[in-house]
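The next block holds one structure in the form of structure tokens; read it before the comments.
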Amino acid sequence: MTYKEDNSKLQNELNESHNTYNGVYPIFREERDNQTQLFNKKTVLNKIEKHLKENLNKKLIENHSFLLIDIDNLKRINETCGHIYGDIVLETFAAYLAQTVEDGDILGRIDGDGFVVIHNTIKDKDDIYYMPQTICSLVRENLPGLKEDVKLTVSIGISNFPKDGTTYEELLQKADIALNKAKISGKDKFVIYNSELNINIFEGEMEQKRNKKKKKQNYEDILDAEKRLLNYAFDILSEGNSVEVSIHKIFTEIGKYYNLSRITIFENETINQKARVTYEWLNAGISPCIAIPKSDYLAKQYKEMFINNSIYYFEDITRIDISSELKWFYEQMNIKSLVQCAINDSNQLIGTVNFEDCEKARIWPKSQLNTLLIITKVVSNYILQLRNKEELDNEILFTQAMLNNQKLSNYAIKAGTYELLYVSEYTEKLFPNVKLGELCYKAIFGRSKPCDTCPLNGLDHANKRYSVEAYNKKLGAWLSTTASTFDMPNGQKMNLLCSSDVTGFMERVKSKDNLTGLLTLSKFEAEAMKLIASSKEFQYAIVYSDFDKFKYINDEWGYSIGNDILKFYAEKILKHLNPMELFCRISGDTFVCLFIYKDREEILDRIKIILQAIIQDYKTCYPKINPIIISGIYFMTKEDKVLSIAMDKANMARKRLKGFHKSTLSIYDENLHKTISKEKMIENRMHTALTNHEFIVYMQPKIELRSLNIIGAEALVRWKTHTGEIMNPSEFIPIFEKNGFILELDFYVYEEAFKMLRRWLNLGKNPLIISVNVSRLHIDDDLFIQKLEFLIRKYNLPTNLIEIEITESIFLNGLDRLKRFLGKLSDKGFLISIDDFGSGFSSLNLLKTLPVDILKLDKDFLTYDVMGEKDKIVIANIINLAKGLGLKVISEGVETLDQARFLKENHCDMVQGYFFYKPMPMEELEKLLS
């Protein structure tokens, strides 16, 4: 939840509280403080004065206590959390203070964070102590709704009527002396006024002055030392040492002076923008920094901290409000307190310098932060200069290496003269005797006149760049040469000629695939484009094919057999092709065909017959292997100008069939195009949607059949798009599982669900077991359990209230890994359930080997309103089997009374379905809880 949403939520609670207080205190606007709705300073003074006078006129004067209450550190809360949050603190405290006072007491706000209370009819010391103890304890321990990292306390000074005074001013003065004593003594306490406090007033003031003078001297000493640190840094960098030596010296001095644990520099790599540690200083006994996880989401959060700032710091990791991923990352490095200073290059964050304390929380004074920031800028400027020089040197080196590696021969001539003005290194290697000032056609090609195929012949006012391909007899190679014109700084025109050896490419275009003898992709594309351009009477279809899970064939039967299967496929296809049709092996087990046709239905039937015949041949020749061929087909139109796009569409159709476990064919049509377009839209929007909280967590209650009470709920997700449309999970979950985004979304759902469960526990609601779904991708994530435990600790939840739901489909792969995964979760106290049991994948034998607590019957068992006898027999026996293994059973998809009655009669423990409750927002479920 964002900070703004946190405030809004808390404000709503306050408004509800104020509505309650309105019934206790009639609202007269001129008497009330606008912010807290308590009596204002003028009103509370008048009411207390009136009340005291009435008591003095009585024959028997009653004792009252006068409480002066001050919120500790409100100024710092305003500075660190913002004034909006400070206002919420004030309003929340005032609301709960109003609930604490008793009937007849007088309560008001007299200044920013100051409040007064007249507490009536004091009979003994217990009466005096009771109210301030209650207020301090309430604020310290029981005040709900505030940020976890803001510890709110109050100090209270108490004077007594009539013993310490009979007027408001007298009681206020004595209570103020007691309040000062409470503040000096460490805050978060109350002090009752006595005459001895007056003696210590002067001494206290003198001590404060001495402390102030001492602090000023210490501050000046600190500033002087920090100036010396800066001067030291400049001196070291000017000595001309290597960058590693210089930075190590500077970091050692800083680390020892500030008693730091570790100083590191993170830099983004130029190519892939992944952060890595480039320099590190460690104090004695401190471990090196861990490798930074390769998470785009984590990197994005990390960068967002420095969008408007050059420095980020926290004093105590247990009191910060950041994402669970970032907090987990810091905790893995055992950081207790941290300062991070940005390294910027042209306003772009390229790294950070991190000053870390791994032993304890600490205060970072402003002067210290300024010094660390300045040192970071000094060091980072030095690093940037070296990096820029290094990048320039590398660019020159790499450019030259690439020119040589690609066999690029470059030379420049004076326009209109053929006179050589520049020759590249590779050109000199090709032609050792070439000299500047010579004519290029003579020095390079040994000719007495310009070359007939010279690309300079194609340059004119319209064409500033022209290329030709020609065979060079002197080199015995094919050259592709490009000529261009450019102006020198002195205004002289020059021609640059760049020649590359394309002999290998020409050979590849001419050659065939070594394994199958089919065309190579380059030759296929060239021939296909030629065919399509020359023949207008035919139509064309692209068939893109591969073998499903061909890797397993190689692994189990060996590469020799795998190659035989590929050659077998190539031979069979070639036998069925017409003379003008083309066939090639793209790579590995992937093939593409170009078919010619006049009638669409006829060619479709022909392709199906060809594929079925090959599948039958495989069954005959390779009965134990049974290769599975997956194909996609695209019928080209007149609008298709680019062959590669047509091939991509056939490939998209093929990809839709992955995992079908049998040979089949898919056609790219308008429906598939719409589906793919929608998937792209979903993928383009998913990260923004997560950031904007468009994903909403729903809960579907689980009902205990014996009591018909809600005893649990399953956390589900809905997507409310920016247009207001609610998207069904079936539209986006499969896409997220395929592209890996499900990992981020699931942890978003976990955190929202855990946060709400903690709220319910705080409100005293009956504990619910919340079940969350775990995908196959999570099982392959070695850090999944650690990240899950981090959330459990963050919201202080018992693990036995969290149920991990594993779908049956996960059993298909990596059963041993799944057993270890579930075993670790079970050992930590999480409940484990098998979801969709009976959907067709799982073995009943697994129930005795996996650490499972709950069996969830698949909703397809209850497809019909009226249950068949066979369905009843199957369900009843599964329930009996599960009970015999000590498992609880829940049935989902319950939509009728007959279904619920049957399940209860057969001792099913729990049910879930529309007959009881549909999935609902978490706030709606909260209203149902007792």
Problem set entry | Evaluation steps, side chain to side chain contact (heavy atoms under 4.5 Å, CB included), between Cys136 and Ile156 | CA-CA 8 Å; Cys136 287; Ile156 304 175; 3.9 Å; yes
Exercise. Can you check side chain to side chain contact (heavy atoms under 4.5 Å, CB included) on Val117 and Met131, steps first, answer last?
Worked result: CA-CA 10 Å; Val117 177; Met131 179 169 284; 4.0 Å; yes
Exercise. Lys360: what forms a side-chain hydrogen bond (donor to acceptor under 3.5 Å, both in side chains) with it, not counting sequence neighbours?
Worked result: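 Testing Lys360 for side-chain hydrogen bond (donor to acceptor under 3.5 Å, both in side chains), a comparison that skips the adjacent residues, returns Asp357.
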For this session: Please list, chain by chain and in numerical order, all residues satisfying side-chain hydrogen bond (donor to acceptor under 3.5 Å, both in side chains) with Asp746, sequence neighbours excluded.
Result: His778
For this session: On the 0 to 90° scale, with breaks at 30° and 60°, tag the Phe747-Tyr750 ring pair as parallel, tilted or perpendicular.
Result: perpendicular
Exercise. When the ring planes of Phe93 and Phe115 are compared, do they come out parallel, tilted or perpendicular, using 30° and 60° as the limits?
Worked result: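 Ring orientation of Phe93 relative to Phe115: perpendicular.
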Problem set entry | Distance-only side-chain donor-acceptor flag, His248 / Tyr279, under 3.5 Å | no
Exercise. Does a donor on one side chain and an acceptor on the other come within less than 3.5 Å for Ser155 and Asp70?
Worked result: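 Side-chain D/A pair, Ser155 to Asp70: absent.
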[atom2] on [Y] to [atom1] on [X], rounded to 0.5 Å:
X      : Y      : atom1 : atom2 : value
Thr134 : Tyr129 : OG1   : OH    : 14.0 Å
Ile71  : Asp113 : CD1   : CG    : 6.0 Å
Lys755 : Glu751 : NZ    : CD    : 5.5 Å
Ser337 : Ile363 : OG    : CD1   : 8.0 Å
Lys366 : Leu373 : NZ    : CG    : 12.0 Å
Leu107 : Ile118 : CG    : CD1   : 11.5 Å

Side-chain contact test, heavy atoms from C-beta onward, threshold under 4.5 Å: evaluate it for [X] versus [Y] and give yes or no.
X      : Y      : value
Val44  : Ile106 : yes
Asn334 : Ser287 : no
Lys41  : Asp111 : no
His722 : Glu694 : yes
Tyr258 : Arg362 : yes
Val379 : Val353 : no
Phe741 : His687 : yes
Leu67  : Ile135 : yes

Exercise. Can you check side chain to side chain contact (heavy atoms under 4.5 Å, CB included) on Asp72 and Lys183, steps first, answer last?
Worked result: CA-CA 8 Å; Asp72 296 327; Lys183 292 280 191 183; 2.7 Å; yes
Heavy atoms only: give me the nearest [X]-[Y] pair and the separation to one decimal.
X      : Y      : value
Met333 : Cys289 : SD-SG, 3.0 Å
Phe66  : Ala175 : CD2-CB, 3.8 Å
Lys327 : Ile317 : CE-O, 3.2 Å
Cys358 : Ser261 : N-OG, 2.8 Å
Gly255 : Ile263 : N-CD1, 3.9 Å
Leu38  : Gly108 : CB-CA, 4.3 Å

For this session: Only one of Leu179, Ile158, Asp164, Leu68 passes side chain to side chain contact (heavy atoms under 4.5 Å, CB included) with Lys174; say which it is.
Result: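 So, applying the side chain to side chain contact (heavy atoms under 4.5 Å, CB included) to Lys174 and each of Leu179, Ile158, Asp164, Leu68, only Asp164 qualifies.
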Problem set entry | Reference residue Phe355; test side chain to side chain contact (heavy atoms under 4.5 Å, CB included); the match among Thr264, Leu369, Thr376, Leu338 |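 That would be Thr376.
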Could you tell me whether a side-chain N or O of [X] sits under 3.5 Å from a main-chain N or O of [Y], the two making a donor and an acceptor?
X      : Y      : answer
Asn381 : Lys377 : yes
Tyr748 : Phe695 : yes
Arg758 : Asn796 : yes

For this session: Can you establish whether the number of heavy atoms outside Tyr312 located under 6.0 Å from its atom OH is more than 12?
Result: yes
Problem set entry | Candidate pair Lys794 and Glu331, rule salt bridge (charged side-chain N to carboxylate O under 4.0 Å, His left out), full reasoning | CA-CA 12 Å; Lys794 179 177 180 180; Glu331 286 187 340; over 6 Å; no
For this session: Report the C-alpha distance between Trp281 and Ile254 in whole Å, list the side-chain angles of each, state the deciding distance to 0.1 Å, and finish with yes or no for side chain to side chain contact (heavy atoms under 4.5 Å, CB included).
Result: CA-CA 10 Å; Trp281 173 86; Ile254 295 170; over 6 Å; no
Return a table of donor-acceptor pairs under 3.5 angstrom between the side chains of residues 784-791 and protein atoms on other chains or two or more places apart.
{"residue": "Gln786", "atom": "NE2", "partner": "Gln332", "partner atom": "OE1", "Å": "3.3"}
{"residue": "Lys787", "atom": "NZ", "partner": "Asp781", "partner atom": "OD2", "Å": "3.1"}
{"residue": "Glu789", "atom": "OE2", "partner": "Lys828", "partner atom": "NZ", "Å": "3.2"}

Problem set entry | Phe39 six-ring centre to Arg109 NZ/CZ under 6.0 Å and within 45° of normal |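 No, Arg109 does not sit over the ring of Phe39.
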